[in-house]
Amino acid sequence: MKDIKILPKEFFLKRNVIEIAKDLLGKIVVTQLDGGYTSARIVETEAYDGATDKACHAFPNKLTRRTEVMFKEGGRSYVYLCYGIHHLFNIVTHEEGSAKAVLIRAVEPVKGIELMKARRKVENLRQLTNGPGKVAQALGISTLYNDETLYEENGLIYIGSEIDNVNFEINISTRIGVDYAEEDAMLPWRFYIKDNPYISKK
DNA sequence: CAGAGGATCCTCT
DNA sequence: GAGGATCCTCTGA
């Protein structure tokens, strides 16, 4: 088992959300929820920017009850219900007052795989976490865990890096499922680990 | 307070 | 590849 070092709060601040979305690739999400420990390697992310990006719920810097958490200081969760069924897990970035976040679209299961299978009611490893709704379900993340800080030891959810992180190539594409965002649907703000079997789509 | 629509997933064809 | 599930959020009156 590799050691995991928790990312400090600073990781989520004072940098462009694009850079953070890229840097989150290869990092480890740990959850300690519902009496179980699960961890998974992030293999696919998307950046959202409430100031300029029509695909973002907080565009154009629109403050509502739902988007409120995105305006808070980075390093916390933004979880919302999509299509009435799926809980989607995002990581808020930047300083207080700017509404930006990174959607975790796919992960590679590391620990607690049996628990993930039970939560997903799926046996096939590749089907376990290769999509944003699946990620949240497998890790036990729901809107109950909106606005949780992500950088605390023994937190419910935290993000860590492996000591001996392997190298990988990053692929870039347009984001999935945001056709309604007109020209912003063309932004190359989706990032994923090349050839990783757990990404949601080619 | 009604109506519309969605950062998805699963099933069936 | 198409369509349905399902419910919360936001809008406008």
Side-chain angles (χ1 to χ4, degrees), chain A residues 12 16-18 20-22 24-25 29 40 42-72 74 76-94 98-109 116-148 150 157 159 171-193 196-202:
Chain A
F12 306 99
N16 192 286
V17 66
I18 306 293
I20 296 173
K22 285 186 201 171
L24 279 168
L25 292 176
V29 187
I42 298 171
V43 300
E44 178 179 339
T45 62
E46 284 178 356
Y48 288 85
D49 182 343
T52 63
D53 168 20
K54 289 179 183 170
C56 184
H57 295 149
F59 175 84
N61 281 330
K62 184 172 62 180
L63 177 63
T64 66
R65 201 163 67 236
R66 181 170 66 159
T67 64
E68 182 183 14
V69 64
M70 270 196 276
F71 287 88
K72 296 189 181 183
R76 67 189 68 229
S77 61
Y78 166 45
V79 186
Y80 76 97
L81 187 65
C82 185
Y83 295 100
I85 304 175
H86 307 289
H87 300 258
L88 269 57
F89 172 54
N90 297 253
I91 296 174
V92 176
T93 69
H94 290 66
S98 94
K100 306 181 202 297
V102 176
L103 171 66
I104 307 302
R105 283 195 55 88
V107 300
E108 175 181 336
M116 294 191 209
K117 286 180 177 176
R119 283 170 171 159
R120 289 269 301 122
K121 301 185 181 12
V122 162
E123 282 298 314
N124 185 322
L125 256 189
R126 292 205 183 186
Q127 302 296 318
L128 216 45
T129 53
N130 61 337
K134 302 177 187 179
V135 169
Q137 188 179 29
L139 296 177
I141 298 173
S142 71
T143 51
L144 286 176
Y145 304 104
N146 186 42
D147 201 3
E148 292 286 338
L150 302 176
I157 307 171
I159 313 296
N171 276 12
I172 302 176
S173 79
T174 55
R175 294 170 294 179
I176 308 291
V178 296
D179 295 341
Y180 59 87
E182 302 171 17
E183 71 272 18
D184 292 336
M186 302 306 294
L187 292 170
W189 283 6
R190 172 174 176 249
F191 309 96
Y192 58 96
I193 295 180
N196 187 282
Y198 295 91
I199 61 176
S200 64
K201 293 185 179 181
K202 288 285 181 191

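On a predicted model such as this, the values are computed, not experimentally measured, just so you know. By convention in this document, chain letters (A, B, ...) are assigned in the order of the sequence lines, proteins followed by strands, and residues within each chain are numbered from 1.
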Rounded to the nearest 0.5 Å, how far apart are CG of A/N124 and NZ of A/K117?
8.5 Å

Does the ring center of A/Y80 lie less than 6.0 Å from the ring center of A/H57?
yes

I need the OH-P distance between A/Y83 and C/dT9, as an integer number of Å.
16 Å

Rounded to the nearest 0.5 angstrom, the OG1-NZ distance for A/T67 and A/K72 is 11.5 Å

Distance from A/S142 atom OG to A/H86 atom NE2, nearest 0.5 Å?
14.5 Å

I need the A/I157 CD1 to A/I91 CD1 distance, nearest 0.5 Å.
9.0 Å

Can you give the dot-bracket line for DNA chain B, where a pair is Watson-Crick or G-U wobble with both atom distances under 3.5 Å, crossing pairs use [ ], and | marks a partner on another strand?
||||||.|||||.

Just call it for A/L103: base, sugar-phosphate, or nothing, with non-hydrogen atoms closer than 4.0 Å on any strand.
base

Using a 3.5 Å distance criterion without hydrogens, assess whether the side chain of A/R120 forms a donor-acceptor pair with backbone atoms of A/L128.
yes

Within 45° of the axis and under 6.0 Å from the centre of the six-membered ring of A/Y192, does NZ or CZ of A/R105 qualify?
no

Give one of base, sugar-phosphate or nothing for A/R66, where a contact means two heavy atoms less than 4.0 Å apart.
sugar-phosphate

Evaluate the side-chain proximity of A/N130 to A/I199: yes if any heavy-atom separation is below 4.5 Å, no if none is.
no

Please examine the side chains of A/P109 and A/Y198, heavy atoms only from C-beta on, and report whether any two atoms are closer than 4.5 Å.
yes

Start and end of the DNA chain B segment that chain A contacts, any atom under 4.0 Å from a heavy atom
B/dG6 to B/dC10

Under a 4.0 Å heavy-atom cut-off, which of residues 49-61 of chain A touch DNA chain B?
A/A55, A/H57

Classify the nucleic acid contact of A/R120 as base, sugar-phosphate or nothing, counting any heavy atom under 4.0 Å across all strands shown.
sugar-phosphate

Could you tell me whether the side chain of A/F191 reaches within less than 4.5 Å of the side chain of A/L24, counting heavy atoms only?
no

